[in-house]
2 protein chains.
Amino acid sequence: MCRMSTVLDLVFSALSDPTRRAILTMLLEDDMAVTDVAAPFEMSLAAISKHLMILADAGLIVQERRGRVKWCQLQPDALRAATVWMQGFGQFEPIDLDAFEAFLAQELCQDHTDDRPT
Amino acid sequence: MCRMSTVLDLVFSALSDPTRRAILTMLLEDDMAVTDVAAPFEMSLAAISKHLMILADAGLIVQERRGRVKWCQLQPDALRAATVWMQGFGQFEPIDLDAFEAFLAQELCQDHTDDRPT
DNA sequence: CCAATCGTCAACCATTTGGTTGAATAACCG
DNA sequence: CGGTTATTCAACCAAATGGTTGACGATTGG
């Protein structure tokens, strides 16, 4: 009867693409212009633009146009609902922050031009 | 060079479908046979079988065949990596368990036959 | 003003996704 | 054995996804 969850649909499917996760990781460092986001990837600007729209639809980023450049800013609050949902399944234990730091370190030193192989 | 993250790909894309999330929620209560999982949904058994295979591929459930019935069991540990990844973006605040309980209560009283409209 | 830059739009394409049906396999029950 | 139950397989389909290219509209700077 009610229906809900479209938010979770959008967030999880946005997160399911490695390119988009890489973009979010980049934005964790600082806000970026669309062109600069696209730079490390071996993919057209239009493709990155689409990815950014998907992230924006999910609420994971906000894009603010200033002059001719559009700035992308991470919106971590959008992960709240999804995190809450997932935590419900994870036997309620505290999150291991060290694990995330380690993962992030590994991901940041990666060569994105090699992403999405075939 | 390295490549990784296929795990996150699989988990997030498994979670991006409301039918699959509903199945996981059902399994939170108890292990279930495939046919029983399928019962509340307005969708063929074969379709549910596919969903379960996707969940199994992501490691979110394990399926053990006993006789002619195949039991599905939630595997919450598979959410670990994804939870860790997401927590990294959520300004590191503690998880609100009450919010999850509330969400779950809402979701459990739902009519699944009304899922996936058009 | 003109040219270059930033980003999106539109059309197109191949692949994946989520569903269907009907037949096939396997195990159980009487 | 033979029928029923449980589940998957295979073929098929429509729609969504992720990418391309080229043209376009805005904005900026010389």
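Excluded from the calculations below are hydrogen atoms, water molecules and symmetry mates; all remaining heavy atoms, backbone and side chain alike, are included. Reminder, nothing fancy here: chain letters follow the sequence lines and each chain counts from 1.
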Specify the separation, in whole Å, of atom CD of E64(B) and atom P of dA6(D). 18 Å
With sequence neighbours left out, what residues match R66(A) under side chain to side chain donor-acceptor pair (under 3.5 Å)? E64(A)
Once side-chain contact (heavy atoms from CB on, under 4.5 Å) is applied, do any residues pair with A56(B), and if so which ones, sequence neighbours excluded? I61(B), Q63(B)
How close or far is atom P of dT20(C) from atom CE of M43(B), stated in whole angstroms? 6 Å
Not counting sequence neighbours, which residues clear side-chain contact (heavy atoms from CB on, under 4.5 Å) with A78(A)? List them please. L60(A)
Between S44(B) and dT20(C), is there a contact of a side-chain N or O with OP1 or OP2 at under 4.0 Å? yes
Donor-acceptor under 3.5 Å (R20(B) side chain, S13(B) main chain): yes
From dT21(D), dA6(D), dT20(C), pick the nucleotide closest to the side chain of T35(B)? dA6(D)
Can you check nucleotides 26-30 of chain D for protein contacts, nitrogen or oxygen pairs under 3.5 Å, and list what you find?
unit_1	atom_1	unit_2	atom_2	d
dT27(D)	O2	R68(A)	NH1	3.2

Is there any protein nitrogen or oxygen under 3.5 Å from a nitrogen or oxygen in nucleotides 9-15 of chain C, and what are the pairs?
none

A46(A): side-chain contact (heavy atoms from CB on, under 4.5 Å) partners, not counting sequence neighbours: S44(A)
Ignoring backbone atoms, establish whether S49(B) has a side-chain N or O less than 4.0 Å from OP1 or OP2 of dT8(D). yes
Rounded to the nearest angstrom, tell me the gap between atom CD1 in I48(A) and atom P in dC6(C). 15 Å
In whole angstrom, what separates L52(B)'s CG from dT8(D)'s P? 7 Å
Separation of dG18(C) P from F41(B) CZ (nearest whole Å): 14 Å
Nearest-neighbour nucleotide for the K70(B) side chain, dT8(D), dG18(C), dG7(C) considered: dT8(D)
All side-chain contact (heavy atoms from CB on, under 4.5 Å) counterparts of D36(B), not counting sequence neighbours: M32(B), A33(B)
Rounding to a whole Å, what distance do you find between I54(B):CD1 and dG19(C):C1'? 11 Å
Rest of the hydrophobic cluster containing V69(B) (Ile/Leu/Val/Met/Phe/Trp/Tyr, side-chain heavy atoms under 4.5 Å)? W71(B)
Going through the distances and angles, do I48(B) and M43(B) end up as a side-chain contact (heavy atoms from CB on, under 4.5 Å)? CA-CA 7 Å; I48(B) 296 293; M43(B) 170 184 323; 4.0 Å; yes
Take the protein atom NE2 of H51(A) and the nucleotide atom P of dA16(D), then report the distance between them rounded to whole Å. 18 Å
Has T83(A) got a side-chain atom pairing as donor or acceptor with L79(A)'s backbone, closer than 3.5 angstrom? yes
Whole-Å distance, L45(A) CG to dT5(C) P, equals 13 Å
